[in-house]
Amino acid sequence: MERRAYDVFSKVNGDVSIRLIPGHFATRHSHVNYCVDMTGIKSDLHSAKAAAKLFCDCFCSTPIDTVITLDRMKMVGAFLAHYLSHSQLNKGQNIGVISPEIQNDKLLLRDNFLPYVKDKNVLLLTASATTGKDANSVVEGINYYGGTPVGVATVFGGDFECPVPVVKLFGADAVTDYTSYQAFACPLCKSGIKVDAVVNSYGYSKII
């Protein structure tokens with residue numbers, strides 16, 4: 001399967017790239033025809049810093065107290081907090097970076113994390129937001145816990161409605177024929193094409 005993989009680079013910074021694998025993949029919310037591998041951005045120092053800088057450039061005029069990271073994006077979140085704390089609006093701000101739990105598709109904040117959200121301006125940072133279901137659920141959760149959601153930053157994102165600004169480093173247009181379907185409506189399944197792998201934030205597991 002990896003033989004089919006190819007890289008797509010950011011037009012703004014060549015240190016930021018995603019790896020695409022065409023096929024038939026099952027995610028938690030949908031079936032897709034590409035696996036979007038962001039291991040490099042999540043795990044490599046230079047890529048993580050470069051991605052964080054791109055996000056900072058988009059949110060440097062937004063007041064931010066806390067960055068909530070999902071999908072193993074905490075290293076990017078730490079660099080983003082660092083860059084934001086040196087921006088004009090957030091200069092000198094001690095910006096928190098937390099990775100709270102998601103249970104039953106809902107944001108769950110333990111008592112120790114509540115001070116980072118209640119009465120705070122909160123940015124959501126995630127690797128992927130294709131359907132917008134998780135992003136909107138976390139935005140709703142931030143409101144529930146007394147915070148103010150100010151934006152969603154995602155490496156790869158589809159087109160979806162959200163009550164706060166959404167910044168994507170790569171949109172669905174980066175993959176010209178990228179499609180996402182609900183499992184029951186997946187044309188690949190209906191055509192008898194087997195699922196290549198199950199995909200989540202940790203990567204993919206081949207189905208043999």
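Bear in mind the structure is a predicted one, so any value in this text is a computation, not a measurement.
Note on Leu54 and Leu123: same hydrophobic cluster, where clusters join Ile, Leu, Val, Met, Phe, Trp and Tyr whose side-chain heavy atoms are under 4.5 Å apart, directly or indirectly. Using a 4.5 Å cut-off between side-chain heavy atoms of Ile, Leu, Val, Met, Phe, Trp and Tyr, with links allowed through other members, Met75 and Leu80 fall into different hydrophobic clusters. Grouping the Ile, Leu, Val, Met, Phe, Trp and Tyr side chains by contacts below 4.5 angstrom, directly or via other members, places Ile193 apart from Phe25. Criterion: ILVMFWY side-chain heavy atoms under 4.5 Å apart, direct or through other members. Under it, Ile18 and Val32 are part of a common hydrophobic cluster. Linking Ile, Leu, Val, Met, Phe, Trp and Tyr residues whenever their side-chain heavy atoms come within less than 4.5 Å leaves Leu125 and Tyr116 in two separate clusters.
Taken to the nearest 0.5 Å, the OG atom of Ser10 stands 8.5 Å off from the CD1 atom of Ile41. Note that CE of Met73 is 5.5 Å distant from CZ of Phe55, once rounded to the nearest 0.5 Å. The OG atom of Ser128 lies 11.0 Å from the CG atom of Leu70; values are rounded to the nearest 0.5 Å. In this structure, CZ on Arg110 lies 11.0 Å from CG on Leu114, to the nearest 0.5 angstrom. Summarising the geometry, atom CG belonging to Asn33 is positioned 3.5 Å from atom OG1 belonging to Thr179; distances are rounded to the nearest 0.5 Å. For the atom pair His24 NE2 and His31 NE2, the distance stands at 5.0 Å (nearest 0.5 Å).
Summarising the geometry of Thr131 relative to Ser30, their closest heavy-atom pair is CG2-OG, 4.4 Å, with the distance given to 0.1 Å. Of all heavy-atom pairs spanning Ile64 and Phe59, the tightest one is CD1-CB, 4.0 Å. Contact detail for Leu107 and Pro100: the closest heavy-atom pair is CD1-CG, 3.5 Å. The two residues Val199 and Cys35 have their closest heavy-atom pair at CG2-SG, 4.2 Å. Of all heavy-atom pairs between Ala172 and Gly158, the closest is CB-CA, 4.4 Å. Between Ala81 and Val97, the shortest heavy-atom contact is CB-CG2, 3.7 Å.
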Exercise for the section: Would you check, one step at a time, whether the test side-chain contact (heavy atoms from CB on, under 4.5 Å) holds for Thr148 with Val122? Expected result: CA-CA 6 Å; Thr148 301; Val122 184; over 6 Å; no

Problem - Verdict with supporting geometry, Val67 and Ile95, side-chain contact (heavy atoms from CB on, under 4.5 Å) - result: CA-CA 7 Å; Val67 178; Ile95 298 172; 4.1 Å; yes

Exercise for the section: With side-chain contact (heavy atoms from CB on, under 4.5 Å) as the test, would you mind laying out the steps for Ser43 and Arg72 before giving the verdict? Expected result: CA-CA 9 Å; Ser43 309; Arg72 296 171 48 245; 4.0 Å; yes

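A donor-acceptor pair under 3.5 Å is absent between the side-chain atoms of Arg19 and the main chain of Ala5, judged by distance alone. Formation of a donor-acceptor pair under 3.5 Å by the Ser85 side chain with backbone atoms of His82 is found in this model. Side-chain atoms of Asp65 come within 3.5 Å of backbone atoms of Asn121 as a donor-acceptor pair (strictly under, hydrogens ignored). A donor-acceptor pair under 3.5 Å links the side-chain atoms of Arg4 to the main chain of Pro22, judged by distance alone. Side chain of Tyr145 to main chain of Leu109: a donor-acceptor pair is present (N/O by atom type, distance under 3.5 Å, no hydrogens or angles). Judged purely by atom type and a 3.5 angstrom limit, Lys42 uses its side chain to pair as donor or acceptor with the backbone of Asp71. In this structure, Ser137 contributes its side chain and Asp134 its backbone to no donor-acceptor pair below 3.5 Å.
Annotation: Tyr6, atom OH; neighbour count of heavy atoms from other residues, nucleotides and ligands within 6.0 Å is above 12. Counting heavy-atom neighbours within 6.0 Å of Phe160 CZ, excluding the residue itself, gives a total above 12. Open room surrounds CG on Asn94; 12 or fewer heavy atoms of other groups in view lie less than 6.0 Å from it. Within 6.0 Å of CD in Glu101 there are more than 12 heavy atoms belonging to other residues, nucleotides or ligands.
A heavy-atom distance below 4.5 Å is found between the side chains of Val36 and Leu20. Inter-residue side-chain proximity for Pro163 and Glu140 is flagged as unmet; no heavy-atom pair is nearer than 4.5 Å. At a threshold of 4.5 Å between non-hydrogen side-chain atoms, the residues Leu45 and Phe79 count as touching.
Between Leu169 and the options Val16, Asn13, Val12, a side chain to side chain contact (heavy atoms under 4.5 Å, CB included) holds for only Val16. Considering Val138, Asn136, Leu124, Ile68 in turn, Leu124 is the only one that fulfils the side chain to side chain contact (heavy atoms under 4.5 Å, CB included) rule with Val152.
In the model, Thr154 has no side-chain atom that pairs as donor or acceptor with a side-chain atom of Thr126 under 3.5 Å. A donor atom on one side chain and an acceptor atom on the other are found under 3.5 Å apart for Tyr34 and Asp177. Looking only at atom types and distance, the side chain of Ser180 has no donor-acceptor partner in the side chain of Thr130 under 3.5 Å away.
At a threshold of 4.0 Å, the pair Asp159-Lys168 counts as salt-bridged, since one of the basic side-chain nitrogens sits closer than that to a carboxylate oxygen. Here Arg28 pairs with Asp105 in a salt bridge; the nearest charged N to carboxylate O distance falls below 4.0 Å. Between Lys53 and Asp15, none of the side-chain N atoms (NZ, or NE/NH1/NH2) sits under 4.0 Å from a carboxylate O, so this pair counts as no salt bridge.
Less than 6.0 angstrom separates the ring centroid of Tyr178 from the ring centroid of Phe156.
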